[in-house]
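Every chain is numbered from 1 and lettered A, B, ... according to where its sequence line falls, protein lines coming before strand lines.
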There are 2 protein chains.
Amino acid sequence: MVRMARVSTRDEILRVAGDQFARVGFKGTSLQDIAVEVGCSKAALLYHFAGKEQILLALVATAEHALTGLLADLGDLDPAAAQALAIERFVDLVLEFRREAALVYEVVPQFHSEPAFCSVLAQADELCAAITARSDDPAEIIAAQTVLHGVVNVAIDDKWDAAQLRPALLRVARRALITPHHDKD
Amino acid sequence: MVRMARVSTRDEILRVAGDQFARVGFKGTSLQDIAVEVGCSKAALLYHFAGKEQILLALVATAEHALTGLLADLGDLDPAAAQALAIERFVDLVLEFRREAALVYEVVPQFHSEPAFCSVLAQADELCAAITARSDDPAEIIAAQTVLHGVVNVAIDDKWDAAQLRPALLRVARRALITPHHDKD
DNA sequence: GTCTATATCAAGATAGAC
DNA sequence: GTCTATCTTGATATAGAC
């Protein structure tokens with residue numbers, strides 16, 4: 001028989017906290033807020049995690065792990081192929097880890113001093129490089145960052161579901177980022 | 001003789017607060033932080049503004065006024081012309097009011113209950129409608145929101161100056177949003 | 001593993017001197 | 001107009017019972 005997907009309190013904390021961090025920011029979320037939505041006490045939260053920042057670290061670790069896998073898959077491809085795959089995989093990654101992605105792109109940069117976050121920020125930069133097909137043209141880099149931020153921000157919004165978002169985000173990202181080829185192939 | 005552009009403390013407060021609100025969020029910014037950067041005391045801040053939220057309101061009012069002007073200029077145009085102008089004017093607006101724009105797109109939505117912000121949020125929606133050429137296709141709306149959020153987020157970053165950003169943002173926005181015409185004009 | 005206290009600290013805001 | 005206290009509240013975090 002299938003083990004019931006009864007989520008542990010710990011997982012519930014991560015889910016709720018990730019949601020609130022992404023919506024109102026890390027500072028904007030109190031342990032009280034999280035505890036109320038999880039349905040437990042603040043002390044229970046702090047039994048599972050050593051502090052509020054540890055909850056953020058756990059969430060970022062999830063994002064980092066997923067990003068590592070994505071980047072590894074791009075390793076052997078030539079820039080053009082890597083770009084196409086990076087765009088597709090990035091959109092899917094954001095849709096699967098909406099909250100975690102928002103954290104990496106919106107809240108983690110506010111903690112740029114924290115060494116714990118340097119690694120995931122470096123991965124975000126590496127993803128940006130892949131998405132520009134390793135261009136050093138500032139206009140291409142700006143375009144890539146625009147799309148990355150835009151995709152993450154739109155995906156946070158509960159207004160759209162993943163089935164609507166995926167094709168729409170893929171289309172806008174490809175239009176914006178893939179340079180049209182004027183030569184025949 | 002020209003009056004020295006010696007900024008008043010009030011204007012300095014708005015500049016510093018707008019910068020910090022945009023970078024680390026409203027909740028993430030303390031009166032202490034603002035006071036230190038302005039070079040005055042918390043009490044001096046609260047002499048000029050009745051509270052932290054009043055500082056945000058003043059900044060949002062600036063953004064709202066600018067948006068009102070933009071939308072008025074679009075009023076009489078047909079959708080296609082309005083779309084093209086909306087994109088260009090939006091980019092210029094964001095570059096002129098980087099911080100205020102970030103507030104409207106990133107921090108104000110967190111206060112959706114506040115009636116004081118309903119008006120500017122409605123204007124942001126109206127701008128989105130103009131930018132999609134009034135399409136009701138969800139994919140177009142998602143694309144527009146992606147670009148709007150992306151442009152605002154990239155413009156916050158001090159890494160780029162306005163001279164680099166303007167052409168780059170215009171190009172990515174037009175690529176992403178203006179549907180290619182296959183028929184000859 | 002989760003709770004009820006409670007300690008500690010920082011934030012927003014006020015009062016009144018200068 | 002700006003300062004130095006000071007008040008009040010709410011947040012993180014701890015201690016110890018169940």
Reckon B/S41 has a side-chain N or O less than 4.0 Å from the OP1 or OP2 of D/dC3? yes
Starting the side chain at C-beta, find the nucleotide from C/dG12, D/dC3, C/dC3 nearest to B/C40. D/dC3
Remember a base hit wins even if backbone is also touched, and classify B/S30 as base, sugar-phosphate or nothing at under 4.0 Å, heavy atoms. sugar-phosphate
Side-chain donor or acceptor of A/K52 paired with backbone N/O of A/F26 under 3.5 Å: yes
Rounding to a whole Å, what distance do you find between B/D33:CG and C/dA10:P? 12 Å
To the nearest angstrom, the CZ-P distance between A/R10 and C/dT2 comes to 12 Å
In this structure, how many angstroms lie between the P atom of C/dC9 and the NZ atom of A/K52, rounded? 18 Å
Starting at CD of B/Q145, measure out to CD1 of B/I131 and round the result to the nearest 0.5 Å. 10.5 Å
Contacts of B/Q32 and A/K42 projected onto DNA chain C by closest heavy atom; the upstream (5') one is A/K42
Just by distance, do the side chain of A/N153 and the backbone of A/G150 share a donor-acceptor pair under 3.5 Å? no
For B/L31 and D/dC3, what is the distance between atoms CG and C1' respectively, to the nearest whole Å? 16 Å
Please check the phosphate of D/dT2 (OP1 and OP2 only) for any side-chain N or O of B/Y47 closer than 4.0 Å. no
Nearest-Å distance for atom pair CD/P, residues A/E12 and C/dG1: 16 Å
note: B/Q54, atom CD; C/dG12, atom P; distance rounded to Å ~ 14 Å
For B/L46, report the nucleic acid contact type (base, sugar-phosphate, nothing); a contact means any heavy atom under 4.0 Å. base
Check ion pair A/E106-A/R23 (N to O, under 4.0 angstrom): no
Which distance, rounded to the nearest 0.5 Å, do you find between the CD1 of B/I13 and the CD1 of B/I34? 8.5 Å
Here's a test of your reading of the structure: between A/A50 and B/H48, which maps to the more 5' nucleotide of DNA chain D? B/H48
Between B/F49 (CZ) and C/dA11 (P), how many Å, whole number? 20 Å
Distance in angstrom units between A/K27 NZ and C/dA11 P, rounded: 8 Å
